[in-house]
There are 2 protein chains.
Amino acid sequence: MAGHGARGRSGGRPTLEEVAARAGVGRGTVSRVINGSPRVSDATRAAVEAAVAELGYVPNTAARALAANRTDAIALVVPEPETRFFAEPYFSDMLRGVGAALSDTEMQLLLIFAGSDRERQRLAQYLAAHRVDGVLLVSVHADDPLPDLLAQLEIPAVISGPRSAEETLTSVDSDNYGGARSAVEHLIARGRHRIAHITGRLDVYGAQRRIDGYREALRDAGHVVDEQLIEAGDFTEEGGRRAMTRLLARCPDLDAVFAASDVTAAGARQVLREAGRRIPEDVALVGYDDSAIARHMDPPLTSVRQPIEEMGRRMIDLLLTEIADRRPAVSRGLERRQVVLATELVGRASS
Amino acid sequence: MAGHGARGRSGGRPTLEEVAARAGVGRGTVSRVINGSPRVSDATRAAVEAAVAELGYVPNTAARALAANRTDAIALVVPEPETRFFAEPYFSDMLRGVGAALSDTEMQLLLIFAGSDRERQRLAQYLAAHRVDGVLLVSVHADDPLPDLLAQLEIPAVISGPRSAEETLTSVDSDNYGGARSAVEHLIARGRHRIAHITGRLDVYGAQRRIDGYREALRDAGHVVDEQLIEAGDFTEEGGRRAMTRLLARCPDLDAVFAASDVTAAGARQVLREAGRRIPEDVALVGYDDSAIARHMDPPLTSVRQPIEEMGRRMIDLLLTEIADRRPAVSRGLERRQVVLATELVGRASS
DNA sequence: AGGTACCGTGGGAGCGCTCCCACAAGTGAT
DNA sequence: ATCACTTGTGGGAGCGCTCCCACGGTACCT
C-alpha cells in the first residue's frame with residue numbers, strides 16, 4: 001500500500017495550492033475561479049485559468065466533497081426485484097437521456113441495485129450517510145417504502161412513474177392515459193367494435209391510467225364498455241397468454257386486443273395464433289412500449305411509444321433543480337412538480 | 001447554501017470521533033475496527049462494534065477517500081458511439097453480473113458515458129485525476145485509445161472482449177470460436193451442406209473468432225469452405241439484410257445461414273421470406289446472443305447463448321484482484337489474465 | 001477631509017478520515 | 001534483574017478542498 005508520504009509528489013496531480021503558487025495568487029482565489037464565482041477580476045481569472053491549463057489541474061472530488069459537504073453524485077436506483085427489468089428499451093433509453101443531460105454537468109451517475117433485502121439495507125445506509133446529492137427512482141411499486149425514506153431524509157428525488165395520483169415526490173411520466181386512448185381510437189378508426197384490453201399490473205399507477213384511457217376512448221366514441229372485455233395481466237408474456245386464453249373463452253367475438261405492453265401482446269399473439277385467429281384480419285393487436293419485440297414480431301406490432309429518453313433527460317433536469325434548491329419538493333410545501341410527456345402511436349401491420 | 005457551522009450537529013451523522021468517545025477508546029482504534037485490522041483485542045472490538053451499532057455510524061466516504069487516496073469506486077465505461085449499444089440483453093445481463101459481484105463489496109459502480117468526443121475528453125480527465133480505483137471496459141473497438149491510456153495511467157482495468165489475440169489488458173470473453181463451432185456443427189448434424197455465414201464487424205476480434213469457428217467446424221466435418229458463402233455484416237439488422245441479399249444472389253443453393261448476431265439473423269430472415277424461402281424447411285437459420293428477439297422471432301430462432309451475467313461477475317472479480325494488487329496487469333509483467341467462458345447453443349424452430 | 005460602502009483578495013480553520021509514530025504493558029530470553 | 005521484542009492502543013499530522021473573516025484598496029457619498 002502506498003504510504004502517506006510516498007504518494008507521488010513526483011509530478012503527480014497538482015493541488016489547488018500549486019495552482020495558486022503558479023498563478024501568483026492565493027488559494028481562495030483559485031477556488032473562486034474554479035467554482036465560477038463572479039467576485040474575481042478578469043485579469044486574475046485569466047492568470048488562474050492559464051495556470052490551471054498549464055498544470056492540467058483537476059480538482060480532487062473527495063476533498064471537495066469533504067469540505068463542502070456534498071457529493072456531486074446522484075444515484076440511479078434500480079429496483080430489479082423481478083429480474084431483468086432493464087432488458088427492455090425502457091431502461092437503456094432512459095439511461096441515454098440521463099447520460100445526455102448529465103454530460104452537461106459535473107455530476108456523476110451512480111448505479112445502485114436494490115433487488116435483495118440486503119441490497120436495500122445497504123441502500124438505506126447509503127442514503128442515511130448522504131453519499132449522494134439526489135436520487136432517481138425508476139419503476140417503483142405502490143408499496144415501496146423507499147420514496148418515503150427519501151422524503152424523510154430530505155434527499156432530493158425524482159420518480160419515473162408516480163405511485164398514485166397523489167404522488168408527493170417530483171415525478172416524470174409519459175401520458176399513459178393518452179397513449180391508451182390513442183391506441184383504442186386507432187382500433188375504432190379501423191372499424192373494430194369488440195376491443196379487449198389486457199391490463200398491466202394493477203398495482204402500477206400507469207397501468208390504471210391505461211385502463212382509464214381505454215374506457216374513456218370507447219365511451220367517447222359511443223361504445224359501451226363491456227367489462228368482460230377487460231382482463232388483468234401483469235406486463236409479462238405469460239400473463240398475456242393467460243389473459244388472452246380467458247378472453248377468448250369469454251368473448252369469442254372480440255376483434256381487437258389492446259395489450260398494456262409489447263411482451264403481453266406477444267403472449268396474446270401466440271394464443272390467438274393457436275386458436276386459429278389471423279392477425280390483423282380476424283383480430284387486430286396493439287401493444288405498448290414500442291420495444292424491439294414490436295418491430296420483430298410477425299406481423300410487426302402496432303405499439304405506443306413513450307419518449308423515454310426525453311423522460312430521462314427531464315428527470316435529471318428536475319433533480320438538479322431540486323438539488324440546487326437544496327430541499328426536496330415536499331418540504332418546500334406547495335408545488336409538486338409532475339411532468340407528463342406525450343406518447344406516439346406507431347402503426348404497423350398488426351392492426 | 002448550508003453554512004459551515006450550520007451543518008447539523010443536531011444528532012446528524014456521527015463521526016469516528018464520536019464513536020470513539022462512546023466506546024471509550026481512541027480514534028485510531030475505531031478506525032482499525034472499521035477496517036477489519038487484526039491488531040485489536042476482542043474486547044475492544046466488541047465495544048467499538050456496539051458503539052457503531054448504537055450510533056448508527058456509517059463512515060464518510062469522502063473523508064476516507066481523501067485520507068487514504070482511494071475512491072472505492074469503479075467505473076463502467078459505456079462507449080455507446082453506435083447508439084443504444086446496451087438495448088440488447090448484453091448490457092443488462094452484464095450489469096446484473098456486475099451488480100451481483102459488487103454487492104459483496106463496498107465498491108460503488110459509476111456509469112460513465114464516453115460516446116461523444118467531449119465525453120471522452122472528460123473521461124480522460126476523470127481517469128487522470130484518479131477518481132476511480134478501476135475501470136470496466138465493454139465493447140471496445142480495435143482502434144480505441146482508451147485501453148492504452150488506462151495502461152499508461154496504471155489504472156487497473158478489465159476489458160470484456162479482447163481487442164486482439166495479443167490483448168495486454170486483463171480480459172473476460174465468451175468462447176466465440178467454440179460458440180460458432182457449435183452452431184455450425186448443429187447445422188451439419190441437421191443435414192445441411194451449404195451453410196453460409198454472415199459475419200459481424202470485421203474489426204471486432206470476437207467476430208473474427210466466430211469466422212474461425214465457422215471455418216474449422218466445416219473443415220473438421222470434411223466440408224470444403226466455400227468463401228462465396230461468407231459475407232461481411234456488421235451485427236445490425238440492415239447489415240443482415242444486405243448480406244443476405246448478396247448471398248442469395250451469389251449462392252441460391254444455400255440451405256443454412258449462421259448469422260453473427262440475432263438482429264443480423266432477423267434481417268436475413270426478412271430477405272429469405274421475401275425470396276420465398278421457408279425457414280427452416282428451405283433454409284435453416286441460427287443466430288448469436290440468444291436475445292429477446294430470438295425468442296420472439298417467427299419461427300423462434302436457434303441461437304448461441306453467452307454467459308454474459310457470469311462474464312460481468314468475473315470481470316469484477318478480476319478487477320478487484322488487480323485493485324488489491326494496486327497495479328495493472330501490464331506493469332506486473334508476466335501473466336496476462338484472460339478468462340474465456342463457454343457458450344451454449346439454444347435450439348429452436350428455425351433450424 | 002472624513003466616513004461608508006463595496007470589491008477583490010489572502011489565508012486560517014476545519015471537514016472526517018487514515019497513517020504512522022510513540023508509548024505502555026506484557027512476554028520471554030539472557 | 002535487564003534487555004529485547006511484541007501487542008494493543010492513543011492521538012498528531014495531514015489529505016485537498018471550501019467557507020468565511022479580515023484586510024487593503026478604490027469609489028462614492030456627505
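In what follows, every chain begins at residue 1, and chains take the letters A, B, ... in the order their sequences are listed.
Checking dG8(D), dG8(C), dC17(C) against every side-chain atom of Ala67(B), the shortest atom distance belongs to dC17(C). Of the candidates dC17(D), dG16(C), dT9(D), dG16(C) carries the atom nearest the Thr15(B) side chain, counting heavy atoms from C-beta on. Side chain of Val25(B), nearest nucleotide from dG10(D), dG8(D), dT18(C): dG10(D). For Thr29(A), counting side-chain heavy atoms from C-beta on, the closest listed nucleotide (dT18(D), dT9(C), dG10(D)) is dT9(C).
A close approach under 4.0 Å does occur between a side-chain nitrogen or oxygen of Asn35(B) and OP1 or OP2 of dT18(C). OP1 and OP2 of dC17(D) both lie 4.0 Å or more from every side-chain N or O belonging to Thr61(A). Residue Ser41(B) places none of its side-chain N or O atoms closer than 4.0 Å to OP1 or OP2 of dG8(D). Contact between the side-chain N/O atoms of Thr44(B) and the OP1/OP2 oxygens of dG8(D) is not found at any separation under 4.0 Å.
With contacts defined as side-chain heavy-atom distances shorter than 4.5 Å, the pair Val158(B)/Leu136(B) qualifies. Counting heavy atoms from C-beta on, the side chains of Val33(A) and Val19(A) never come closer than 4.5 Å.
For the helix from dA1(C)-dT30(D) to dA29(C)-dT2(D), the axis fitted to the five pairs at one end and the axis fitted to the five pairs at the other end meet at an angle of 50° (nearest 10 degrees).
For the pair Arg163(B) (side chain) and Leu169(B) (backbone), a donor-acceptor distance under 3.5 Å is absent. For the pair Asp133(A) (side chain) and Ile74(A) (backbone), a donor-acceptor distance under 3.5 Å is absent.
A salt bridge links Arg120(A) to Asp144(A): one of the charged nitrogens lies within less than 4.0 Å of a carboxylate oxygen. Salt bridge Glu18(A)/Arg13(A): absent, no basic N to carboxylate O contact under 4.0 Å.
Distance OH (Tyr57(B)) to P (dG16(C)): 10 Å, rounded to an integer number of Å. Counting to the nearest Å, the C1' atom of dA5(C) and the CZ atom of Arg39(A) are 13 Å from each other. What separates CZ of Arg32(B) from P of dG11(D) is a distance of 11 Å, to the nearest Å. At whole-Å resolution of the value, CG in Asp72(A) and P in dC17(D) are 13 Å apart. Distance, Asn60(B) CG to dG16(C) P: 7 Å, rounded to whole Å. When the C1' atom of dC17(C) is taken as reference, atom CZ of Arg64(A) falls 19 Å away, rounded to whole Å. Atom pair His130(A):NE2 and dG16(C):C1' shows a separation of 16 Å (rounding to whole Å applied). Remark: P of dC17(D) and CD of Glu17(A) are 9 Å apart, rounded to the nearest angstrom.
Nucleic acid contact class of Arg27(B) (heavy atoms, under 4.0 Å, all strands): base.
Among all heavy-atom pairs drawn from Val135(B) and Leu137(B), the shortest one is CG1-CD1, 3.5 Å.
Residue Arg313(A) holds its CZ atom at 10.5 Å from CG of Leu341(A), rounded to the nearest 0.5 Å.
Between Gly28(B) and Ala62(B), the one whose closest nucleotide on DNA chain C sits nearer the 5' end is Ala62(B).
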